[in-house]
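Being a predicted model, the structure only gives us computed values, none of them experimental. So you know, we letter chains A, B, ... as the sequences are listed, proteins then strands, and number each from 1. Note that these values count all heavy atoms, side chains included, but never hydrogens, waters or copies made by symmetry.
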2 protein chains.
Amino acid sequence: MPEGNAAAVLDRVGGKWSVTILLIVCQEPHRFTELEHVVEGISRRMLALTLRALERDGLITRTVHPSIPVRVEYSATAIALELRESLRTLADWALRHRAAIAEARTAYDDRATARPDRESATAPGPDGRRITSAS
Amino acid sequence: MPEGNAAAVLDRVGGKWSVTILLIVCQEPHRFTELEHVVEGISRRMLALTLRALERDGLITRTVHPSIPVRVEYSATAIALELRESLRTLADWALRHRAAIAEARTAYDDRATARPDRESATAPGPDGRRITSAS
DNA sequence: CTGTATCCCATCCGATACTG
DNA sequence: CAGTATCGGATGGGATACAG
């Protein structure tokens, strides 16, 4: 019966970068700039925003060491560490089926564009924004 | 090293309703209208869109039974069934820490609004849209 | 080094109406 | 029953510039 609340999981994990950062920080504490480099692809803005959100939810802790260039470390809380295994499992799954999913997408898209009798290949798409990213 | 790809997990699970629907369909096949009722809160549009996306990724199968009112069933594929346990674990985690997280949020928000010396309580917020939902 | 402020476009998603 | 078409508001998220 907990189905109705299943969405709650993703509310806390629903950002583009949350899981990635959580996974990294669960292994060991990292500084801001370290994360910026390790995550790779993330903007400074999104890193800050994501860290804020995770901190707000009590999943990570922000510690400021008053050095001369300030030094800030982010570490996972106990509550977040409980997630570690499931998150890794999820990531492994994604890795394992990476190819299969890409294939499924291509097949689906081919079927979609090949079927219509009287539609040009350059279908402008109505409002049907793909719910997941392309490619 | 698989960190960089961790985001891929959520690409396939990144919708507001994907996990919920996946979890339901993993238990047993459901019809469109059944899902519409069970999920509760989802619009017809989003149900259709989410189902399309999951089907495209090869996570669910759409089967049309040519009855007199048409009957369409959605069921999980083998690949999706592998996710079932981790997803349940995740959902359980969310349920267990529901209260703690809500508390952490309130505490965080209180600290944020109580601290500033010279800022009105009705801060309009610059562009800082919360990365996760409020409440 | 560690962020925050803006601008701004892309996408999400709900409400509503129409169809085979 | 099982969708699709459109409009429109709310966020997400990148680029860039500025600040403690």
Side-chain angles (χ1 to χ4, degrees), chain A residues 7 10-11 13-21 29-55 60 62-74 112 115-116 119 123-135, chain B residues 7 10-11 13-21 29-55 60 62-74 112 115-116 119 123-135:
Chain A
L10 288 205
D11 279 1
V13 140
K16 186 178 178 182
W17 308 101
S18 305
V19 171
T20 308
I21 291 180
H30 281 73
R31 305 179 51 181
F32 189 87
T33 310
E34 284 175 0
L35 287 170
E36 201 174 356
H37 284 114
V38 173
V39 176
E40 183 160 9
I42 195 171
S43 61
R44 185 173 288 122
R45 171 183 145 84
M46 283 320 293
L47 179 54
L49 243 40
T50 305
L51 288 172
R52 285 259 157 290
L54 292 175
E55 189 194 354
I60 63 176
R62 192 182 101 113
T63 316
V64 182
H65 303 277
S67 326
I68 269 313
V70 196
R71 175 193 180 84
V72 182
E73 280 208 337
Y74 294 92
R115 206 184 314 145
E119 196 173 336
D127 182 25
R129 302 98 159 198
R130 288 312 170 10
I131 195 178
T132 48
S133 64
S135 177
Chain B
L10 289 204
D11 280 0
V13 141
K16 185 178 179 181
W17 307 102
S18 305
V19 171
T20 307
I21 291 179
H30 282 73
R31 305 177 52 178
F32 189 88
T33 308
E34 283 175 0
L35 287 171
E36 202 174 354
H37 283 114
V38 173
V39 176
E40 183 158 10
I42 195 172
S43 62
R44 185 173 287 122
R45 172 183 145 83
M46 283 319 294
L47 179 54
L49 243 41
T50 305
L51 288 172
R52 285 259 155 288
L54 292 174
E55 189 194 356
I60 62 175
R62 193 181 100 114
T63 317
V64 182
H65 303 276
S67 327
I68 269 314
V70 196
R71 177 192 180 85
V72 182
E73 280 208 336
Y74 293 93
R115 208 183 318 143
E119 197 174 334
D127 182 24
R129 303 100 155 194
R130 288 316 173 4
I131 195 178
T132 48
S133 64
S135 169

| query | Which nucleotide sits closest to the side chain of A:Trp17: C:dT4, D:dG14, C:dC1? | reply | D:dG14
| field | Rounded distance in Å - CZ (A:Arg44) to P (D:dA17) | value | 12 Å
| said: Let's see if you can work this out: which of D:dA2, D:dC1, D:dG14 has an atom nearest to the side-chain heavy atoms of B:Pro69? | reply: D:dC1
| How close do A:Arg31 and A:Val70 get, heavy atom to heavy atom, and via which atoms? | NH2-O, 4.0 Å
| Heavy-atom side-chain contact between B:Glu73 and B:His65 under 4.5 Å | yes
| message | Taking the minimum atom-to-atom distance to the side chain of A:Ala48, which one of C:dT4, C:dT6, C:dA15 wins? | response | C:dT4
| field | side-chain contact (heavy atoms from CB on, under 4.5 Å) against B:His37, all qualifying residues, sequence neighbours excluded | value | B:Thr33
| field | Protein-nucleotide distance (B:Leu51, atom CG; D:dC1, atom P), rounded to Å | value | 16 Å
| task | Select base, sugar-phosphate, or nothing to describe what A:Arg31 touches, counting heavy atoms under 4.0 Å on all strands. | result | sugar-phosphate
| query | Which part of the nucleic acid does B:Arg71 contact within heavy-atom distance under 4.0 Å: base, sugar-phosphate only, or nothing? | reply | sugar-phosphate
| said: Rounded to whole Å, how long is the line connecting atom CD of B:Glu36 with atom C1' of D:dC1? | reply: 10 Å
| message | Using side-chain heavy atoms (C-beta onward) and a distance below 4.5 Å, is A:Ile21 in contact with A:Ile60? | response | no
| note | Separation of D:dT4 atom P from B:Leu47 atom CG, nearest Å, is 10 Å
| field | B:Val70 vs A:Gly41, nearer the 5' end of DNA chain D by closest nucleotide | value | B:Val70
| Quick one: which of D:dG13, D:dT4, C:dG14 gets closest to the side chain of A:Lys16? | D:dG13
| message | Using whole Å, what does the distance between atom P of nucleotide D:dG9 and atom CZ of B:Arg45 come to? | response | 15 Å
| request: With the side chain of A:Met46 defined as its heavy atoms from C-beta on, choose the nearest nucleotide among C:dG14, D:dG14, D:dG3. | output: D:dG14
| request: Check side-chain hydrogen bond (donor to acceptor under 3.5 Å, both in side chains) between A:Glu55 and all other residues, then give those that pass, not counting sequence neighbours. | output: A:Arg52
| Distance in angstrom units between B:His30 NE2 and D:dG3 C1', rounded | 19 Å
| field | Between D:dC1 (P) and B:Glu34 (CD): distance, integer Å | value | 10 Å
| note | Quick note, A:Arg52 side chain, CB onward, closest among C:dT4, C:dT6, C:dA15 is C:dT4
| task | Could you check which of D:dA2, C:dA15, D:dG14 has an atom nearest any side-chain atom of B:Val72? | result | D:dA2
| said: Is the phosphate of D:dG13 approached by A:Ser43 (side-chain N or O, under 4.0 Å from OP1 or OP2)? | reply: no
| query | So, is A:Thr33 near the phosphate of C:dT2, with a side-chain N or O under 4.0 Å from OP1 or OP2? | reply | yes
| Given atom CD1 of B:Ile42 and atom C1' of C:dG14, what is their separation to the nearest angstrom? | 11 Å
